[in-house]
Amino acid sequence: MKNKTGIIGGFVFGVAGFLLAFKLIVLDNVPPSDELAPGMVVLASFFNGLLFAFVGHWIQHHFRKKATTTESE
């Protein structure tokens, strides 16, 4: 499970960050009479979460590789 920490953390951060930014930037400036497609917002937050999961995996892999090479020397 500790191998998945970067992926899960990145995904949660990406989805939550997108939804918070969407609420603060878009929903506060759109009048209630306008209709927004909630499915597109969820889909965009999911893809943003996948992007951040990839970044989290890459960061975790990068630091683990450096830690194992310095310990083995």
Side-chain angles (χ1 to χ4, degrees):
M1 185 67 182
K2 91 176 177 185
N3 294 338
K4 305 280 186 202
T5 305
I7 295 172
I8 294 170
F11 183 80
V12 169
F13 180 77
V15 169
F18 177 81
L19 291 175
L20 179 67
F22 185 81
K23 190 228 178 292
L24 293 176
I25 295 170
V26 176
L27 287 182
D28 288 344
N29 296 325
V30 174
S33 61
D34 285 347
E35 293 184 20
L36 295 173
M40 292 305 294
V41 175
V42 171
L43 194 62
S45 68
F46 178 76
F47 285 131
N48 193 44
L50 287 179
L51 175 70
F52 273 82
F54 174 74
V55 170
H57 171 72
W58 183 80
I59 290 171
Q60 182 181 8
H61 183 71
H62 178 72
F63 283 120
R64 183 183 308 137
K65 184 187 284 187
K66 282 193 172 190
T68 56
T69 56
T70 56
E71 290 174 4
S72 63
E73 292 178 358

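What you are looking at is a predicted structure, and each value in this text was computed from that prediction instead of being measured. Residue numbers count from 1 along this sequence.
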**Study point:** Hphob cluster co-occupancy, V42 + V30, side-chain heavy atoms under 4.5 angstrom
**Key:** no
With a 4.5 Å cut-off on side-chain heavy-atom distances among I, L, V, M, F, W and Y, is there a chain of contacts connecting F47 to I25?
yes
With sequence neighbours left out, the residues meeting side chain to side chain contact (heavy atoms under 4.5 Å, CB included) with I59 are V55, F63
Side chain to side chain contact (heavy atoms under 4.5 Å, CB included) filter on V41, not counting sequence neighbours, yields F18, L19, F22
Residues H57 and I7: closest non-hydrogen pair is CB-CG1, 3.6 Å
Students should find that the hydrophobic cluster of L20, defined by side-chain heavy atoms under 4.5 Å apart, otherwise consists of L24
Cluster membership besides F54, Ile/Leu/Val/Met/Phe/Trp/Tyr side chains within less than 4.5 angstrom, sorted by chain and number, is none
Only distances under 3.5 Å count here; give the side-chain donor-acceptor pairs of residues 8-17 to other protein atoms, sequence neighbours excluded, each with its distance to 0.1 Å.
none

In short, salt bridge (Lys or Arg N to Asp or Glu O under 4.0 Å) pairs touching residues 25-49 with sequence neighbours left out are K23-D28
